[in-house]
Trainee: 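Before I ask anything, let me first share the structure, which is written out below as structure tokens.
Residue numbering restarts at 1 for every chain, and letters A, B, ... go by the order of the sequence lines.
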Amino acid sequence: MDSLRESATFDRTTIAAIQRAARTGVYDIRGGGAKRAVPHFDDLVFLGASMSRYPLEGYRESCGTDVVLGGRHASSPLHLDIPVTIAGMSFGALSGPAKEAIGRGASEAGTSTTTGDGGMTDEERGHSSHLVYQYLPSRYGMNPDHLRAADAIEIVLGQGAKPGGGGMLLGQKITDRVAGMRTLPPGIDQRSACRHPDWTGPDDLAIKIGELREITDWTKPIYVKVGASRPFYDVQLAVKAGADVVVVDGMQGGTAATQDVFIEHVGIPTLAALPEAVRALQEMGVHREVQLIVSGGVRGGADLAKCLALGADAVAIGTAALIALGDNDPGLDAEYRALGSAAGYYDDWQDGRDPAGITTQDPALAARLDPIEGGRRLANFLRVMTMEAQTIARACGKAHVQHLEPEDLAALTIEAAAMARIPLAGTNWIPGVSF
Amino acid sequence: MGTVIDLSVTSVRSLNADLHALPAGATDSIRVLRPDGRHSLAAGLDRPVTVEIDGHAGYYCAGMNQLATVSVHGNVGVGVAENMMSGRVHVHGDASQSAGATAHGGLLVIDGNASARCGISMKGADIVVGGDAGHMSAFMAQAGRLVICGDAGDALGDSIYEARIYVRGSVASLGADCVQKEMSPSHLAELSLLLAAAGRAEDPSEFRRYGSARTLYHFHSDNAY
Ligand SMILES: Cc1cc2nc3c(=O)[nH]c(=O)nc-3n(C[C@H](O)[C@H](O)[C@H](O)COP(=O)(O)O)c2cc1C
């Protein structure tokens, strides 16, 4: 075996992909986010307190975590207890019990959840204390009553997993209920449009935001979500168009169903997008007035703290929330293997046969997820994330997680130093900024 | 008797706020003067009121309408009656792009011409255009009926789902998966009702019907447009 040498160019994954394509004649559609290694938050570390910085006592001295989103123009901004929100994931992509569990968990932790492509369900509204209603190109299930029942509105331009791409929901997940909500025949492969049907470009967007504000009497915060590709310009244009909150989703961001080639090769990493988004807001003098939510590969309290230190006001999580609910549970390994996957690898969220009952519309599978238990697990995870971020913030001497700042960070790689504009650890060097 | 609101002295915000604040079931009549192309006029109504707009309206006039009857005695900008749920919107002049986009219900009547993408992604509404409709009309249209009494532009009904299109004049070209279909007596009957509801005198037998060939309903490699 030792004499066998795997090619770095044609490695086993690449060979399998070519073989799969040759066998089937269709491209690979899957869930999840980019799998290859890209510069990420792991490439940053916190410096902690030292002679010149004074730490706070863990468990004793308070460290705030609350955040207000959307006060720029909306009369009823969102007041959240923690700066971790649940990202938009559609009913259709997710089962009813999964949506309910997410609503329960987020509400228990004092944060918001978000609808998705396909509209708002009663279960979701009923179990979510703060619900953000997505306004997507497909406008599936778009209903002005739901707009008025929401706590905020998120205009979706794109997702980090597929900037420039529309959505897809494969026929096996299109039950009568999903089809009815989307006004489409059951069982067909659904395409969600990639462009909004009634506006193009930032000038139109400003008028569209004006309409949504008029319809909701200027009460609801309006978010604009973009997939990370040109975050500096997209953020500035979103602000100019009147957004209260900008959501930037990096290339590691999860999806329910997208072509693998799209997930892996379009968009830029979250770590690269976040500082550009902050710079865009700072240049316009609206950093903190317009809040920035960052998503795409946020996995725990350290990632949260790093996002906040780099200038985000909050993060959104998708994949991590699904894992907290029970996705990729080792106890289901045999069932994952029967589907040709394994616990820790399962990403066929497009396919509707999820043994954990999360990314499915099969009633028997969906019934496996107990929404109360799932909600409790998600609330636990959100609490742990928050406590981890507080631990780091206290060590950096901060009485609020929002006070974390770039000066608290060092970079472990030259790439991360250049992207995050943080000095390489042990040096004063920021490539492209200092010498 | 009706209220008169002059938009040269009253703001759009105050007009819409007053319309939204009417009690449920209100049947008031409101006449809006000097709209001068302002956007979002009478957007988000959800009462069976009657609004007459004397002049031209900008983008998203009567957007997301529910129950109300809105008439525009002039032209309208982009997205008139977009995502309408119910009620009736009548444009006596021409309409810009994306008229009736994603509308779920109700009737949109445009006496003049409609620009590109009329009825784009429509989800159940009825749209009757007295004149011509621009390119990409009924793009990805899911449900509902689009009647074009004049000519249709290029790529009519591209990627259409279950919506039905009736055209009296010429069709510059059909979009992907849109085909001409047989006009059965039930289609003639439904078209007659639509024309009558829109106050049109055209003869239904002069129209042709278009809809989905349903060949793009599943993703195959040869469907990769
Ligand atoms: C199952 C699933 C469904 C999703 N559905 C939507 C959607 O309907 N609309 C949307 O804007 N983003 C959708 N997303 C993307 C998320 O909103 C979010 O951008 C992404 O999950 C963040 O990255 P993370 O998964 O690494 O946390 C979905 C993601 C997943 C995993």
Side-chain angles (χ1 to χ4, degrees), chain A residues 21 24-27 29 119 135-148 166 168-172 174 179-200 203-219 257 259 350, chain B residues 12-13 15-17 19-21 38-46 58-61 63-66 77-80 82-85 96-104 117 119-124 136 139-140 142-144 159 161-163 212 214 216-224:
Chain A
T24 62
V26 289
Y27 44 40
I29 295 173
Y135 190 69
L136 296 119
S138 73
R139 310 278 166 87
Y140 288 144
M142 172 58 219
N143 185 321
D145 292 333
H146 294 163
L147 210 56
R148 289 184 278 258
M168 46 175 77
L169 190 67
L170 301 188
Q172 52 269 43
I174 316 288
M181 281 178 70
R182 298 175 184 223
T183 328
L184 282 171
I188 73 167
D189 294 332
Q190 290 189 359
R191 221 1 255 171
S192 302
C194 63
R195 299 186 297 264
H196 278 266
D198 57 354
W199 63 270
T200 27
D203 296 331
D204 280 7
L205 176 58
I207 305 172
K208 174 51 76 177
I209 288 177
E211 184 206 10
L212 295 172
R213 289 201 194 280
E214 280 301 317
I215 289 173
T216 54
D217 291 310
W218 291 72
T219 53
Q259 300 92 331
Q350 81 290 346
Chain B
V12 172
R13 178 75 289 263
L15 165 71
N16 286 334
L19 290 169
H20 298 167
R38 287 181 178 82
H39 304 309
S40 308
L41 295 177
L45 303 190
D46 59 351
Y59 282 43
Y60 312 130
C61 178
M64 303 201 197
N65 188 53
Q66 291 163 291
V78 171
V80 63
E82 65 87 12
N83 212 82
M84 171 161 61
M85 305 300 289
S96 182
Q97 297 187 50
S98 302
T102 78
H104 287 70
R117 300 176 193 87
I120 182 172
S121 291
M122 56 193 282
K123 297 172 177 22
M136 298 295 269
F139 177 53
M140 291 180 98
Q142 298 172 218
S159 307
Y161 293 95
E162 295 296 304
S212 180
R214 303 189 181 97
L216 295 181
Y217 279 13
H218 295 279
F219 302 151
H220 308 301
S221 51
D222 31 346
N223 282 347

Trainee: Among B/H39, B/R117, B/H20, B/M136, which residue forms the greatest number of heavy-atom pairs with chain A at distances under 4.5 Å?
Mentor: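 Highest number of pairs under 4.5 Å: B/H20.
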Trainee: Could you tell me which portion of A/T216 (side chain, backbone, both or neither) has an atom closer than 4.5 angstrom to a non-hydrogen atom of chain B?
Mentor: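 Neither the backbone nor the side chain of A/T216 comes within 4.5 Å of chain B.
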Trainee: Do you see a donor-acceptor pair shorter than 3.5 Å between the side chains of B/Y59 and A/D198?
Mentor: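 Looking only at side-chain atoms, A/D198 and B/Y59 do not form any donor-acceptor pair under 3.5 Å.
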Trainee: So, applying side-chain contact (heavy atoms from CB on, under 4.5 Å) with A/P185, which one of B/Q142, B/R214, B/E162 is it?
Mentor: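 Exactly one pass, corresponding to B/E162.
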Trainee: Heavy-atom cut-off 4.5 Å, strictly under: side chain, backbone, both or neither for B/Y161 against chain A?
Mentor: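 Contact with chain A is through the side chain of B/Y161 alone.
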Trainee: Quick check on the interface: out of B/M85, B/E82, B/R13, B/M140, who has the most heavy-atom pairs with chain A under 4.5 Å?
Mentor: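 Maximum pair count with chain A is reached by B/R13.
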Trainee: So, for B/F139 and B/S159, which heavy atoms are closest and what is the spacing to 0.1 Å?
Mentor: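 Heavy atoms only, the tightest pair is CE1-OG, 4.1 Å.
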Trainee: Non-hydrogen atoms of chain A under 4.5 Å away: do they reach the side chain of B/D46, the backbone, both or neither?
Mentor: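 For B/D46, side-chain heavy atoms alone lie under 4.5 Å from chain A.
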Trainee: So which residue, A/D145, A/L184, A/L212, ends up with the most heavy-atom pairs under 4.5 Å with chain B?
Mentor: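 Most heavy-atom pairs within the cutoff with chain B belong to A/L184.
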Trainee: Against chain B, work out which of A/M142, A/M168, A/R182 has the most heavy-atom pairs shorter than 4.5 Å and name it.
Mentor: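 Sorted descending by pairs with chain B, the first entry is A/M142.
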Trainee: Using every non-hydrogen atom in the two residues, find where A/P144 and B/N83 come nearest and quote the distance to one decimal.
Mentor: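 That would be CD-ND2, 4.0 Å.
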Trainee: What closest approach, in Å, do B/T102 and A/P197 show between heavy atoms, and which atom pair accounts for it?
Mentor: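 So the two residues come closest at CG2-CG, 3.6 Å.
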Trainee: In terms of heavy-atom proximity below 4.5 Å to chain A, should B/Q66 be classed as side chain, backbone, both, or neither?
Mentor: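 Side chain only.
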Trainee: What part of B/M64 is in contact with chain A, defined as an atom under 4.5 angstrom from a non-hydrogen atom: side chain, backbone, both or neither?
Mentor: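 Looking at B/M64, backbone and side chain both touch chain A.
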Trainee: Considering residues at least two apart in sequence or located in another chain, which fulfil the side chain to side chain contact (heavy atoms under 4.5 Å, CB included) criterion with A/A21?
Mentor: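 Checked A/A21 against side chain to side chain contact (heavy atoms under 4.5 Å, CB included); zero matches.
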Trainee: Search all heavy atoms of A/G141 against all heavy atoms of A/H146 and return the closest pair with its distance.
Mentor: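 Distance-wise, the nearest heavy atoms are O-ND1, 4.1 Å.
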